[in-house]
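What follows is a single structure, written as structure tokens, with notes after it.
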Amino acid sequence: NDNKSYKAKLVGTDSKMDIALLKVDADEKLPYVVFGDSDAIKVGEWVLAVGNPYNLNSTVTAGIVSAKARNLSNNGIQSFIQTDAAVNPGNSGGALVNTRGELVGINTMISSPTGSYAGYSFAVPSNLTRKIIEDLMQFGNVQRGVLGVEGGELNSNYAKELGIKETQGFYINKITKNSGAEKAGLTKGDIIVQLDDKKINGFAELSAYINTKRPNDIIQVSVLRDGKQKTLPVKLTKKEILNYEFNGIEFEDIDASDKKQFNIKEGIKIKKVNNPEYAEYSDILDGAVILSIDGNKAKDMETVSSYLAKKENQKARYQIISKNGQMYSIIM
């Protein structure tokens with residue numbers, strides 16, 4: 001804390017995790033913090049939060065780890081470390097460190113009815129932060145791998161509803177087509193209890209572990225099937241290959257039945273329209289197949305996602321075939 005200012009260059013951002021990577025060029029060596037292992041911290045362990053709340057420079061507050069793998073997001077991306085270290089507006093982006101001074105998290109938000117600290121604060125785990133930073137440095141964007149399963153977290157009520165005894169783990173309701181989970185042989189009804197050597201009690205832990213991995217990484221998935229534990233190696237798929245959302249429209253790859261129905265060899269399908277602006281066109285759009293975007297062939301999900309990512313939410317012109325075989329040209 002020497003009151004010096006430096007010019008920084010923005011290398012990349014990850015909006016889902018609210019993290020940016022900046023590059024500072026300086027004449028002298030700068031002090032730095034080392035990464036700790038956020039998976040190794042224990043509930044009850046002491047931590048310190050560093051930041052600038054209410055413009056009070058370099059404020060340090062102390063607390064304990066209240067919980068791990070807290071899921072506060074409706075899309076399930078986040079998996080936070082919860083602490084009771086006092087964090088207020090201005091603390092965001094500050095370090096959460098253990099008693100050895102190692103970075104175990106980046107303070108990012110509070111849960112509060114007033115906007116000020118009310119006993120709960122949350123940090124992005126350092127293992128996830130490190131992976132995001134390495135991705136931004138190496139690839140320019142975040143490489144997210146997906147397992148390709150949908151389902152729910154087990155508890156007593158859910159287990160009773162399903163007619164099973166297990167009350168911990170992740171119950172698979174659906175397998176995403178073309179995903180690593182499908183290719184590895186995971187099926188509906190399997191209960192995921194472990195990924196590699198990490199025990200899985202619910203969705204937040206599953207999400208937290210997968211988010212530290214990249215596409216094409218192979219993980220050992222242990223499942224309970226018919227009362228017996230079975231371990232299957234699953235190769236993670238690139239998220240954009242399976243599904244992608246742009247301007248409130250969800251896309252997915254077409255399968256063999258779509259190709260036959262529409263008599264086409266390539267294209268992508270509109271899975272769902274979430275943007276109310278296009279609600280009146282939902283009859284045409286739902287289940288329609290996109291043939292081209294701005295005159296560029298919609299070959300597959302990867303081609304389309306990389307093209308639309310460059311448009312940064314600007315509208316595009318889509319050539320589509322609706323479910324009843326009608327051709328349309330729509331700007332959205």
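All values below come from the heavy atoms of this structure, side chains included, with hydrogens, waters and symmetry mates left out. On a predicted model such as this, the values are computed, not experimentally measured, just so you know.
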Practice problem: Measure up the F203 and F170 rings against each other and bin them: parallel (under 30°), tilted (30 to 60°), perpendicular (over 60°). | Solution: tilted

A side-chain contact here means heavy atoms from C-beta on lying under 4.5 Å apart; do [X] and [Y] qualify?
X    : Y    : answer
I321 : I264 : yes
V223 : V193 : no
E45  : N98  : yes
T187 : R225 : yes
I172 : I192 : yes
T212 : K198 : no
L103 : V34  : no
F251 : K271 : no

Quiz item: Which heavy atom of S38 sits nearest a heavy atom of P125, and at what distance?
Solution: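 Reported closest heavy-atom pair: OG-CB, 3.5 Å.
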
Quiz item: How far apart are the closest heavy atoms of R317 and S329, and which atoms are they?
Solution: NH1-OG, 3.1 Å

Quiz item: Between the side chains of E250 and N274, is a donor N or O closer than 3.5 angstrom to an acceptor N or O?
Solution: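 Side-chain D/A pair, E250 to N274: present.
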
Quiz item: CG of N57: more than 12 outside heavy atoms within 6.0 angstrom?
Solution: yes

Self-check item: Exceeds 12 heavy-atom contacts within 6.0 angstrom, atom OH of Y281
Solution: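 No, not enclosed.
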
Self-check item: Counterpart residues, side-chain contact (heavy atoms from CB on, under 4.5 Å), relative to D135 (two or more places apart)
Solution: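 Once residues adjacent in sequence are excluded, the partners of D135 under the side-chain contact (heavy atoms from CB on, under 4.5 Å) criterion are K131, F139, V142, Q143, R214.
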
Quiz item: Under the salt bridge (charged side-chain N to carboxylate O under 4.0 Å, His left out) rule, what pairs show up with a residue in residues 94-109, not counting sequence neighbours?
Solution: R100-E102

Practice problem: Could you check S66 against T83 for side chain to side chain donor-acceptor pair (under 3.5 Å), going step by step and ending with a plain yes or no? | Solution: CA-CA 5 Å; S66 306; T83 76; 5.9 Å; no

Exercise. Hey, could you give me the CG/NZ distance between N216 and K235, rounded to the nearest 0.5 Å?
Key: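 Rounded to the nearest 0.5 Å, the CG-NZ separation comes out at 4.5 Å.
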
Practice problem: Enter the distance from F262:CZ to I320:CD1 here, rounded to the nearest 0.5 Å. | Solution: 9.5 Å

Quiz prompt | Test applied, side chain to side chain donor-acceptor pair (under 3.5 Å); reference residue, Y209; option that passes from N127, D196, D39 | solution =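 Result for side chain to side chain donor-acceptor pair (under 3.5 Å) with Y209: D196.
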
Quiz prompt | N211 side-chain N/O to S207 backbone N/O, donor-acceptor pair under 3.5 Å | solution = yes

Practice problem: Taking S121 for its side chain and A85 for its backbone only, find out whether a donor-acceptor pair lies under 3.5 Å. | Solution: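 Indeed, once roles are kept as given, a pair shorter than 3.5 Å links the two residues.
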
